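All figures in this text were calculated on a predicted structure; none of them were measured in a lab. Letters A, B, ... mirror the listed sequences (proteins, then strands); counts begin at 1.
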Protein chains: 2
Amino acid sequence: MEQETRELRRVGLKVTHPRMRILQIFEEEGVQHLTAEDVYKKLLAEQEDIGLATVYRVLTQFEAAGIVVKHNFEGGQAVYELDRGKHHDHMIDVDSGKVIEFVSEEIERLQHEIAARHGYVLEDHSLVLYVRPKGKGR
Amino acid sequence: MEQETRELRRVGLKVTHPRMRILQIFEEEGVQHLTAEDVYKKLLAEQEDIGLATVYRVLTQFEAAGIVVKHNFEGGQAVYELDRGKHHDHMIDVDSGKVIEFVSEEIERLQHEIAARHGYVLEDHSLVLYVRPKGKGR
DNA sequence: TTCCTTGCAAACGCTTTGCAGGAAG
DNA sequence: CTTCCTGCAAAGCGTTTGCAAGGAA
């Protein structure tokens, strides 16, 4: 409560009920990757009367403020996760839809190298591995 | 003409005018990455009376047939390119929107390694580097 | 003749926006 | 009290689909 209030003030957003509740949802244990609709449904389940449009607006503001990171994985819906500061890429289990995070300094390094080799500076990147549990053939 | 006809027959699609023209557009010199709308506009410019819905349908069929590969880069529109057999990833110049292709055996290898380390088999992946010309600060 | 394919317009799914009332500072 | 925020409904955008007419094999 205190923490969320400070976080919102820090990024210059008014401390409103919808923003507090949405921020809290992302800070719950075990919550990692949520679509706008996931957030909306969680709010409904908690008897909150917050519109889907507001969820989108708040998530967009959170993204601009660096509170949250947005990912455009395959399949329409964008996914959001709290920005905990440490960069990582994602692996998606195509059977279960589960999202696994990973970090590879080696790949990060190679990316910069490749960009440089072509006369560019790496600004950002998107890497997603689509995987299947070992042994469960297609 | 002959070539396209064979290609369509090979994948079991009837040889129709829209399919021929769309395939030809992708085989033009210098053409690499096109959105459905890019294709549609090129057809219009050539006085072809082919609907946008048909372009989408044909591209979807081409993708299923392995004639074309679809990419979901940032920003709404999907991008298609001819599948020339050799896998590669993409680098996007965020200033000009230019798309550059590259291959890194090293990164490919690391991806398999990372998936394996987590008990998975790599089925597919998506890697896009967002870059800016060296020396042109943000 | 028999499917497959096409163009059109309508429908779709996700996201954004205009507006008027309501809350935060 | 002023400005920002919200819910609602409508609009937007890229893509898909139902339908009846038209074309390939």
Here the distance between atom P of D/dA24 and atom CZ of B/R19, to the nearest Å, is 11 Å

Euclidean distance, atom CZ of residue A/R9 to atom C1' of C/dG25 [Å, nearest integer] | 9 Å

Angle of first-five versus last-five pair axes in the helix from C/dT1-D/dA25 to C/dG25-D/dC1, to 10 degrees = 30°

Does a donor on one side chain and an acceptor on the other come within less than 3.5 Å for A/H90 and A/E81?
-> yes

In whole angstroms, the gap separating P of C/dA23 from CG of A/L8 amounts to 19 Å

Sorted by number, the residues of residues 31-45 of chain A with heavy-atom contact under 4.0 Å to DNA chain C | none

Find the distance between CZ (B/R19) and CD1 (B/I50) and round it off to the nearest 0.5 Å.
-> 11.5 Å

Please determine, by modelled atom types, if A/R6 and A/Q3 share a side-chain donor-acceptor pair under 3.5 angstrom.
-> no

Which residue, A/L34, A/V69, A/T35, forms the side-chain contact (heavy atoms from CB on, under 4.5 Å) with A/V79?
-> A/T35

Strictly by modelled atom types, are B/D89 and B/H125 linked by a side-chain donor-acceptor pair under 3.5 Å?
-> yes

Nucleotide N/O to protein N/O under 3.5 Å, stretch nucleotides 16-23 of chain D:
from: D/dG18; atom 1: O6; to: B/R57; atom 2: NH1; distance (Å): 3.3
from: D/dG23; atom 1: N2; to: B/K14; atom 2: NZ; distance (Å): 3.4

A/E105 and A/R109 ion-paired at < 4.0 Å = no

Centroid separation B/H118 to B/Y120 less than 6.0 Å = no

Salt-bridge test for B/E46 and B/K42: reply yes if a basic N is under 4.0 Å from a carboxylate O, no otherwise.
-> no

Return the value, rounded to whole Å, for the distance between atom CD of A/Q77 and atom P of D/dT15.
-> 16 Å

Take the protein atom CG of B/L59 and the nucleotide atom C1' of C/dT5, then report the distance between them rounded to whole Å.
-> 15 Å

For atom CG of B/D49 and atom C1' of C/dT5, their distance in whole Å | 15 Å

Should B/F102 and A/I107 be regarded as members of a common hydrophobic cluster, given that ILVMFWY residues are connected when their side-chain heavy atoms come within less than 4.5 Å of each other, either directly or indirectly?
-> yes

Chi angles and distances behind the side chain to side chain contact (heavy atoms under 4.5 Å, CB included) call for B/V15, B/M20 = CA-CA 7 Å; B/V15 179; B/M20 287 293 278; 3.8 Å; yes

Atom-pair distance (CD on A/Q61; P on D/dC5), nearest Å | 6 Å

Shortest non-hydrogen contact from B/H87 to B/V103?
-> O-CG2, 3.6 Å

Quick one: A/I50 CD1 to D/dC8 C1', roughly how many Å, whole number?
-> 15 Å

